[in-house]
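In each ligand, atom 1 is the first atom listed, and ligand 1 is the first ligand listed.
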Amino acid sequence: MKKSRNAPSSQTPAASAPRVAIAILAAGKGTRLKSQLPKVLHEVGGKPLLAYVIAAATRVVPPNDVFAIIGHEAGRVRSAVSHTGVNFGLQPEQRGTGHALMVAQPALSAYDYVIVLSGDAPQITPQTIACLLNFHLDEQAAMTLLSADLDHPTGYGRIVRMKARKGARSSEVQAIVEENSASPAQRRIREINAGFYVFTAPQLFLRMAKLSTGNPHGEYYLTDMARILRQAGQHVVVWKTENPGEVLGANTRAELSFIDHQIRMRKCQELMLGGVTIFYPATCVIDDDVEVAPDTVIEPFVQILGKSRIGAACRIQSFNVIRDTELADAVIVQPGCVLEQSIVRRGATLGPFSHLRPASDIGEEAHIGNFVETKKTRIGKGSKANHLTYLGNAEIGAGVNIGAGTITCNYDGIGKHTTVIEDRAFIGSDSTLVAPVRVGKGAYVGAASCITRDVPEDALAIGRAQQIVKEGWAREKLSARKPK
Ligand code: UD1
Ligand code: CA
């Protein structure tokens with residue numbers, strides 16, 4: 001969304017589009033979460049709270065006009081979201097939401113309007129932010145706040161609207177009253193302050209010095225600007241969203257869990273609308289950025305996380321955890337697999353109980369079976385490793401058969417070495433392949449071999465002790481033991 005799309009009518013100070021900044025309040029510790037992790041880095045739908053707010057903000061104005069105000073564990077917060085290209089303002093001591101804007105004043109006073117978003121309310125949409133700005137501009141207000149009617153408003157600031165009198169606008173606000181300063185009658189108000197505002201920057205910065213710490217927390221409350229601006233004869237108005245879900249803040253673990261659930265259920269709905277079958281959505285954990293193509297079936301109790309991408313007509317059976325992994329079309333993942341940062345190509349079958357560790361690349365129509373672990377390994381088309389096997393740092397061609405219990409010995413205590421198994425090779429069960437080593441095209445390795453030297457194309461290699469047979473040995477031993 002470009003700034004010019006928000007540019008309305010009359011109040012535009014210059015003929016050109018107004019200069020709009022977005023400040024995101026993200027400096028708080030999140031005391032109520034009782035956590036070492038700063039509040040805005042707690043995750044819902046698989047991403048930090050702040051990442052959602054930044055994503056919404058940067059769809060309204062360019063990242064260059066977004067200022068995340070950080071403080072508690074600032075370095076950690078900055079590095080988690082620095083890739084978004086937004087600016088950062090530092091609030092070294094967190095003395096309240098009003099104080100957060102005071103410290104950002106030098107950067108923000110270069111703008112005509114400042115939109116303030118709360119870093120802990122991740123479901124805000126770009127559409128709502130744009131509506132709030134447009135309403136502010138149309139009303140020629142000094143401050144516009146976003147509100148919502150909540151069935152359970154406890155903990156939120158309440159909106160005290162101006163009594164309707166002749167000539168007064170119905171949207172005019174008298175004050176915002178914080179929960180801990182509210183009278184019993186005010187606590188019954190269901191219309192809450194969502195913590196999102198638009199300010200006309202000169203009005204805000206002219207009067208911000210009037211904020212004081214005379215409240216139960218001894219903080220500078222940004223919400224007090226409503227009363228201060230109104231007393232200065234400015235317009236303070238409220239715009240109520242029809243969708244209260246989008247303003248919910250995550251202040252406690254229970255609220256985090258509730259928001260996480262909402263985001264994930266919405267994700268399941270989106271996927272189902274897009275043609276994906278999800279048998280029992282309430283049991284599935286699917287991160288917000290995951291993509292799934294039509295006709296894929298997701299059975300109960302599946303987690304698909306991070307940036308995973310699932311192709312069409314796949315079947316993900318129960319109890320799989322798939323993270324940052326790409327499945328092509330028609331892949332079957334039988335129960336109990338763990339897949340991380342890997343690629344699985346068209347028509348391959350995994351599981352039950354396979355573990356693909358990072359940088360596994362499983363070829364078309366390949367089979368990876370029970371208790372098979374792969375790591376940094378490429379497996380060619382149609383190759384099979386069906387049972388009890390470890391394949392690490394391996395290059396495996398097409399049509400290869402890896403027998404049960406095969407181990408690539410890739411680590412010598414110092415470094416990792418590569419095992420190469422060329423097309424159509426057959427590795428007998430219980431073989432150990434001591435890397436670096438190569439098994440040539442079409443070669444056979446006898447069962448239980450320890451292969452330490454390269455095996456040429458089409459050869460048979462047997463690397464095991466010769467079998468000895470002692471005729472009658474057991475019978476003689478037993479009869480020697482029998483009592484006379
Ligand atoms: C705030 C509002 C309340 C509103 C609610 C909506 C105030 C005083 N109250 O309460 O009216 O109903 O949001 O969710 O504003 N932060 C800073 N620096 C600080 C303090 C906070 O950056 O010094 C950040 C926090 O990290 C958070 C946001 O500001 O992202 C809101 O602060 P929080 O403490 O969660 O305010 P609430 O108590 O929820
Ligand atoms: Ca909050």
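- Under 4.0 Å from ligand 1, the heavy atoms of R95 that appear belong solely to its backbone.
- The closest donor-acceptor contact from the side chain of D287 to the backbone of G306 lies under 3.5 Å.
- In terms of polar-atom proximity, defined here as any N/O pair under 3.5 Å, V40 makes no such contact with ligand 1.
- Ligand 1 has at least one atom lying under 4.0 Å from a heavy atom of N251.
- In this structure, H99 does not count as a contact residue of ligand 1, since none of its heavy atoms falls inside 4.0 Å of the ligand.
- Residue N251: an N/O/S atom is found under 3.0 Å from the Ca ion (ligand 2).
- A side-chain donor from one of Y197 and N193 sits under 3.5 Å from a side-chain acceptor of the other.
- Residue-level proximity to ligand 1 for A194 is carried by the backbone, the only part with a heavy atom below 4.0 angstrom.
- Among the atoms of L222, none of the N or O lies under 3.5 angstrom from an N or O of ligand 1.
- The backbone N or O of K416 sits nowhere less than 3.5 Å from a side-chain atom of N410 that would complete a donor-acceptor pair.
- Ligand 1 has an N or O atom lying under 3.5 Å from an N or O atom of D120, backbone or side chain.
- The heavy atom nearest to atom 19 (C) of ligand 1, out of those in G28, G30, G96, is found in G96.
- Considering both main-chain and side-chain atoms, A27 comes within under 3.5 Å of ligand 1 through a nitrogen or oxygen pair.
- Restricting D120 to its N, O or S atoms, the one at the least distance from the Ca ion (ligand 2) is OD2.
- Nearest non-hydrogen protein atom to atom 37 (P) of ligand 1 is R32 NH2, 4.0 Å.
- Backbone and side-chain nitrogen or oxygen atoms of N193 are examined, and one is located within less than 3.5 angstrom of a nitrogen or oxygen of ligand 1.
- A heavy-atom separation below 4.0 Å is found between A26 and ligand 1.
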